Peer 1: 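Quick one: this structure, given as structure tokens, is what I'll be asking you about.
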Amino acid sequence: MKIKWVSMAAAAVIFLSFVLLLFFSHRQDIFTTRTMIPYNTGWTYCYGEESGTATLPDRLDVPKDTEVVLKNRLPEDLRDDFGIVFRTRMQYVRVYVENRLVYQFPEQELIGGKITSAWNFVRLSEADSGKEVRICLISPYSRFSGSIGAVRYGAYDNLVTGMISAHVKNFRLSFLIGIMGVIMLLVSLISRRHRLFGWQGNFGILLMMAAFWLAGESRLPSGIIGLEAWHYFSLAALLFCPAFLMAYLHVRWREICGRVTAALFLAFLAAGGAGILSEAAGGPDLIEVLPAIQLMAGAALVYTLVLYILAARKKKERFIRSELACILAITLAGIGEIVRFYRTDQMVGTFLRLAILLYALDILGISIRMIYRKMQENQELEERLKRSRAELMASQIRPHFIYNTLNSIRALIRVDPETAMRTVNDFSTYLRSNLDHVVDREMIPFSDELRHIQAYLNIEQVRFEERLQVEMDIRAKSFRVPPLSIQPLVENAVKHGICRKMSGGTVTVRSYEEKDACVVEVLDDGVGFDVSAAESPENEDGLGHVGLKNICFRVQEIAGGSLSVESQPGVGTKVTVYFRKPGTGQRGKKRGGGTDEDHGRG
């Protein structure tokens, strides 16, 4: 088993290494040398009554909805396959050579009627050499009005491949973060199977949302994916990232500031919904509310850092330190990116992507260790359950019981053949239940267990005659129990309650339903015992019958139930077993003063 998991871990490491190499290894240049010549000096600008010279990239103090015109002379060495390229953010663009319109963006109305950021690839020809070029820009947003990036010229194919090459690494990092999100969703399925915490799924969704945002901000030229998709998915993902971050933190650290985190989740979710509704209804769009979105993201990062500091103080686990270091790096990088945006209009850089990816890898490692540890615990638990079944089967089929039953049958054959036949049938049912249920099934219908109990009591009534009275009060049968979970309790009541009392007594089996559980009670009016003394670890009565601790363990682990005992010397004993109904939580505090530990009687 250990070899199996080691091999799987090795395969995962090899696969992850391949993915990392796939994203970061260098590609062969199958195009050209990608020569791009800077074309940033010699520009003049004018808007309204303002004019002057500019060196690109630059941002002019231009009011929104005001056109700014930048002029220059094209280089003398243009050829027919040449062009220029520059990036604009949220601006309408027209490019003229002399009075001829050679380029405009957008060429047609975009989805939603809103302008987006874009790379502007302008084709030129040799005939344009030395002529005047005019770039006309107009933006409906004050934040981006009058802003223009660096301009380059060269062979048109070189410009395209050069821009792709310059920005593809950030896109790969963003895409890799998305892959880590998918991996974490798969890990959450494994975690659920092994009854681990479910926060891996929330973390996977958070990573995928961050990947959408970061991919849209990678500034990769739009080719396969349309401009509107880049624009809206990126902004919407950033808008909802704080809410998904709070959802992850609430599940992960519910015991630490759980109510505050839940309130922040609802607040961020409501703010995200309000932003989308405002965009759809024609109110302030996502670009206009971008400062508020960035403020929410910054506040969410700071809150996350504070929460992890509290977790590191309370939990003391070693792995929290590595998470805290990653969160600190992400917070610093995020705040740095916000400051950078308001200084240069550019976001988001490589460092933030690397910090998020490092955090994702750290969480993946933590999750794998948790799953491996849980698998080991489950394997040990399964071994304990197997030993419990074996002990139950061995303890239930005892030679002296078989000998006594056969003697009773032999005595009855001559004096009461009908009773002998019924006893043989009961004995057969008893043996078959012991052999079949323990080996083959974890849960059986209570009606099957009831038949086993009835067979046992019929045999004992033949042996003890009027010393043993039986009462059955069965008001619920439609539920499932672990095999041999009630019959041994009945046997304990007969052997160690009634048989030790000279005058005998009555064993009662009762079942009924409660709101969230089905309850089975086994009562006897026998000799009783001191529960506190029987719970003592030093108590070893050597009776050789099935211990309640063994039964309680199986009831808890297989059925999620619980067991309690009430007993008083000279009065009798009552054992109550609770089987929770499907869909209800596991019972916590037990009734009647009992616990889940050994209550004596074995």
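Just so it is clear, the structure is predicted and the values come from calculations on it, not from any experiment.
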Peer 1: Grab the two heavy atoms, one from R252 and one from I363, that are nearest each other, plus how far apart they are.
Peer 2: NH1-CD1, 3.7 Å
Peer 1: Atom CE of residue position M472 - does it have more than 12 heavy atoms of other residues, nucleotides or ligands inside 6.0 Å?
Peer 2: yes
Peer 1: Within a reach of under 6.0 Å around CZ of F212, are more than 12 heavy atoms found that belong to other residues, nucleotides or ligands?
Peer 2: no
Peer 1: Begin with the C-alpha distance, continue with both residues' side-chain angles, and end with the deciding distance and a verdict on side-chain contact (heavy atoms from CB on, under 4.5 Å) for L305 and L324.
Peer 2: CA-CA 7 Å; L305 181 61; L324 180 59; 4.0 Å; yes
Peer 1: Does the side chain of S503 reach to within under 4.5 Å of the side chain of R467, using non-hydrogen atoms?
Peer 2: no
Peer 1: Below 4.5 Å, heavy atoms only, C-beta onward: do M246 and Y303 meet side chain to side chain?
Peer 2: yes
Peer 1: With side chains defined as the heavy atoms from C-beta onward, is the minimum distance between I444 and V481 less than 4.5 Å?
Peer 2: yes
Peer 1: Between CD of Q200 and CD1 of I366, what distance do you get to the nearest 0.5 Å?
Peer 2: 10.0 Å
Peer 1: Once rounded to the nearest 0.5 Å, what's the spacing between atom CG of D524 and atom OG1 of T573?
Peer 2: 4.5 Å
Peer 1: The criterion is ring-ring contact (aromatic ring centres under 6.0 Å, His included); which residues satisfy it with Y359, sequence neighbours excluded?
Peer 2: F203
Peer 1: Looking only at non-hydrogen atoms, find the nearest pair between S367 and M184 and report the distance.
Peer 2: OG-CE, 3.6 Å
Peer 1: For the CG atom of L357 and the OG atom of S174, what is their distance to the nearest 0.5 Å?
Peer 2: 10.0 Å
Peer 1: Between V555 and S562, is any pair of side-chain heavy atoms under 4.5 Å apart?
Peer 2: no
Peer 1: Counting only heavy atoms not in E255 (residues, nucleotides, ligands), do more than 12 fall under 6.0 Å from its CD?
Peer 2: yes
Peer 1: Nearest 0.5 Å, please: how far is OG in S511 from CD in E449?
Peer 2: 12.0 Å
Peer 1: Would you call K581-E513 a salt bridge at under 4.0 Å N-O?
Peer 2: yes
Peer 1: Locate the shortest heavy-atom distance separating V527 from R500; write the atom from each residue and the value.
Peer 2: CG1-O, 3.5 Å
Peer 1: Flag the pair R422 / N458 as yes when at least one side-chain heavy-atom distance between them is below 4.5 Å, and no otherwise.
Peer 2: no
Peer 1: Find the distance between CD1 (I474) and CD1 (I453) and round it off to the nearest 0.5 Å.
Peer 2: 7.5 Å
Peer 1: Give the C-alpha distance, both sets of side-chain angles, the deciding distance and a yes or no for side-chain contact (heavy atoms from CB on, under 4.5 Å) between I356 and L207.
Peer 2: CA-CA 8 Å; I356 294 174; L207 287 179; 4.0 Å; yes
Peer 1: Between V577 and S485, is any pair of side-chain heavy atoms under 4.5 Å apart?
Peer 2: no
Peer 1: If every non-hydrogen atom of R475 is compared with every non-hydrogen atom of R510, which pair is closest and at what distance?
Peer 2: NH2-CD, 3.6 Å
Peer 1: Do other residues, nucleotides or ligands put more than 12 heavy atoms under 6.0 Å from F464 CZ?
Peer 2: yes
Peer 1: Please report the shortest heavy-atom distance between G572 and S567, naming the atom on each side.
Peer 2: O-OG, 3.2 Å
Peer 1: Can I get a per-line list of side-chain donor-acceptor pairs under 3.5 Å for residues 265-277, giving both atom names and the distance, sequence neighbours left out?
Peer 2:
none

Peer 1: Test side-chain contact (heavy atoms from CB on, under 4.5 Å) on F579 and I486 and set out the steps.
Peer 2: CA-CA 11 Å; F579 297 100; I486 306 300; 4.1 Å; yes
Peer 1: Quick check: do L457 and V494 have side-chain heavy atoms less than 4.5 Å from each other?
Peer 2: yes
Peer 1: Check the pair V565 / F529 against side-chain contact (heavy atoms from CB on, under 4.5 Å), numbers first and verdict last.
Peer 2: CA-CA 11 Å; V565 175; F529 64 97; 4.0 Å; yes
Peer 1: What I'd like to find out is whether the side chain of I330 reaches to under 4.5 Å of the side chain of L358, using heavy atoms alone.
Peer 2: no
Peer 1: If you compare all heavy atoms of I498 against all heavy atoms of G526, which two are closest, and at what distance to 0.1 Å?
Peer 2: CD1-N, 4.0 Å
Peer 1: Checking side-chain hydrogen bond (donor to acceptor under 3.5 Å, both in side chains) for the pair E491/Y456: CA distance, chi angles, key distance, verdict?
Peer 2: CA-CA 8 Å; E491 184 172 341; Y456 170 76; 4.7 Å; no
Peer 1: Using 0.5 Å steps for rounding, measure from the CZ atom of R254 to the CG atom of L249.
Peer 2: 12.5 Å
